[in-house]
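Every number for a ligand or one of its atoms is a count from 1 in the order of the listing.
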Amino acid sequence: MATATSWTAVVAHGDSGYEMVVVVVEELVVVLKEMVVVEELVVVLEEMVREEEGEKPWRVLEFYSGIGGMRYSLVKAEVNAVVVEAFDINDVANDVYQHNFGHRPFQGNIQSLSAADLDSYGANAWLLSPPCQPYTRQGLQKQSGDARASSFLKILELIPQTMQPPSMLFVENVVGFETSDTHAKMKEILANSGFVTQEFILSPIQFGVPYSRPRYFCLAKRKPLSFEHKVFNNMLLQYPGPLLEPNATAMINKWVQPPENFEKDLQSCEPVERFLELKNLSNQADDKIGSMVVTNVPADCSAALEFTGDEDDCKMDQYVVPMNLIERWGSAMGILPKHKEKTSLKEQGLRYFTPREVANLHSFPENFQFPKHISLRQRYALLGNGLSIAVVAPLLRYLFAQPS
Ligand SMILES: C[S@@+](CC[C@H](N)C(=O)[O-])C[C@H]1O[C@@H](n2cnc3c(N)ncnc32)[C@H](O)[C@@H]1O
């Protein structure tokens, strides 16, 4: 615009025979100035549209927040989102959440929330990892009849009552949930509220982590939002293909089958040593404590674990599996053999993964920490409830992506 103005000045101060030209040029300047205003207006409008289309952070509610696995997954997924509130009834979990995120979740029963409460957050997305006990294969499988299922059902039933229903929903639970009556109810409410869904059963071992822990996930988007690969709408997939491969649609028949074998996945996983913090210790103590680790220990075995103080975190003794537990539970333990020549479990000298190692297997970031007052048993319990960030992050990235 500076160029046009100086050109006018040159012509205006020139020969009077050029008056007509001056008038035309002045008019042109007016038009150009108007164009500048229009141009500026266009920029402002474009900015507003960009904000509307995704530049503005998504406002997220994190229900059943525990130690914040969902929030860490959002960060890992690099989704432009802000957690406007987290909700958990457990004050110990909330201590850990506050320690790491500097914000204490709303500490109360999710069941007591009203539609007006939810509307007050102006949230676009709800992330939910409700209690899994009603659906676990080891449990009584009372499903919706289990009191622990009621807060989840209640929150779903609030969706049609809200003034501003969420645009996106993400639900995590155990395998078994997908055949429960709670699942049927969830699908019915989502369909009636204008959501399309895509469901997955996925395990960390499919994402390079040497750990088999399949979990159920439901991704839901409210119309007019849609998924990048619409062909998977209303399907349950058991492969991460659609999350990772741009031409996933071509493989549709493969993704709906149960995974062929985990052995192949295991071969492409990172070595388990990368997840261990006590590898040096276990090597030094090779004769006394064989370098083997134990997982999937039945819940009541954890009673043997007593916290001996934070300064003792790295003391090997507290991680040794007592002989009586090996005798009683040995056959039910998931064991990672490291001394192939030793055969008897008693000979092998077993130890538990440390909480840090479990956090590593859940792909929690290095800066995740427990506050000092959280006991060893509480750490295991909280991590046991936790989710795999290696699995959830790509699912969230796929959910929040806006197809062009
Ligand atoms: C499966 S865990 C979720 C863990 C979480 N995703 C994480 O990363 O740690 C379920 C959580 O829901 C909480 N919870 C269960 N019922 C609740 C309720 N009615 N209201 C609020 N929180 C509840 C539990 O305290 C627990 O922390």
Side-chain angles (χ1 to χ4, degrees), residues 60-77 83 85-101 103-114 117-118 121 125-139 142-144 146-158 169-177 180 182 202 204 211 213-219 299 355-356 358-365 367-371 374 377-393 395-396 399:
V60 172
L61 292 179
E62 185 185 10
F63 296 95
Y64 311 99
S65 48
I67 54 175
M70 286 282 193
R71 184 154 173 177
Y72 277 125
S73 302
L74 264 183
V75 173
K76 173 98 191 226
V83 175
E85 192 50 283
F87 304 86
D88 203 293
I89 204 165
N90 180 337
D91 58 344
V92 181
N94 289 343
D95 283 355
V96 180
Y97 191 104
Q98 184 176 7
H99 185 77
N100 287 288
F101 295 109
H103 170 79
R104 191 165 190 86
F106 175 93
Q107 189 162 324
N109 193 334
I110 286 171
Q111 202 157 340
S112 66
L113 292 169
S114 67
D117 291 334
L118 295 171
Y121 295 105
W126 294 4
L127 313 181
L128 309 105
S129 43
C132 53
Q133 293 89 342
Y135 320 102
T136 45
R137 273 171 281 186
Q138 293 91 340
K142 284 165 77 181
Q143 306 181 359
S144 298
D146 190 312
R148 287 167 293 195
S150 50
S151 65
F152 179 58
L153 285 168
K154 164 89 192 298
I155 204 96
L156 290 175
E157 282 160 2
L158 287 182
L169 224 84
F170 181 87
V171 179
E172 181 254 4
N173 217 280
V174 287
V175 176
F177 177 82
S180 68
T182 311
L202 296 173
Y211 176 31
R213 194 181 198 235
R215 285 289 180 272
Y216 162 86
F217 303 95
C218 175
L219 284 61
R356 181 63 248 179
V358 180
N360 291 346
L361 286 163
H362 281 331
S363 306
F364 272 55
N367 61 2
F368 166 78
Q369 280 183 339
F370 286 103
I374 309 292
R377 206 185 305 174
Q378 286 170 328
R379 293 175 193 213
Y380 279 117
L382 292 168
L383 286 163
N385 269 340
L387 47 77
S388 164
I389 292 166
V391 178
V392 174
L395 283 164
L396 289 178
L399 173 68

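Surrounding NZ of K154 are more than 12 heavy atoms belonging to other residues, nucleotides or ligands, all under 6.0 Å away.
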Please tabulate protein-ligand N/O pairs under 3.5 Å for ligand 1, atom names and distances to 0.1 Å.
residue  : atom   : partner : partner atom : Å
ligand 1 : 6 (N)  : S129    : OG           : 2.7
ligand 1 : 8 (O)  : G69     : N            : 2.9
ligand 1 : 9 (O)  : I67     : N            : 2.9
ligand 1 : 19 (N) : N109    : OD1          : 2.7
ligand 1 : 19 (N) : S151    : OG           : 3.4
ligand 1 : 20 (N) : I110    : N            : 2.9
ligand 1 : 22 (N) : I89     : N            : 3.1
ligand 1 : 25 (O) : D88     : OD1          : 2.7
ligand 1 : 27 (O) : D88     : OD1          : 3.3
ligand 1 : 27 (O) : D88     : OD2          : 2.7

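Aromatic ring orientation, F63 versus W126: perpendicular (interplanar angle above 60°, classes split at 30° and 60°). The aromatic rings of F368 and F364 stand perpendicular to each other, their planes meeting at an angle above 60°, with 30° marking the opposite boundary.
With ring centers used as reference points, Y121 lies 6.0 Å or more from F106.
Side-chain contact annotation: Y72 with S363, donor-acceptor N/O pair under 3.5 Å absent.
Checking side-chain atoms of R379 against main-chain N and O of I374 turns up a donor-acceptor pair under 3.5 Å.
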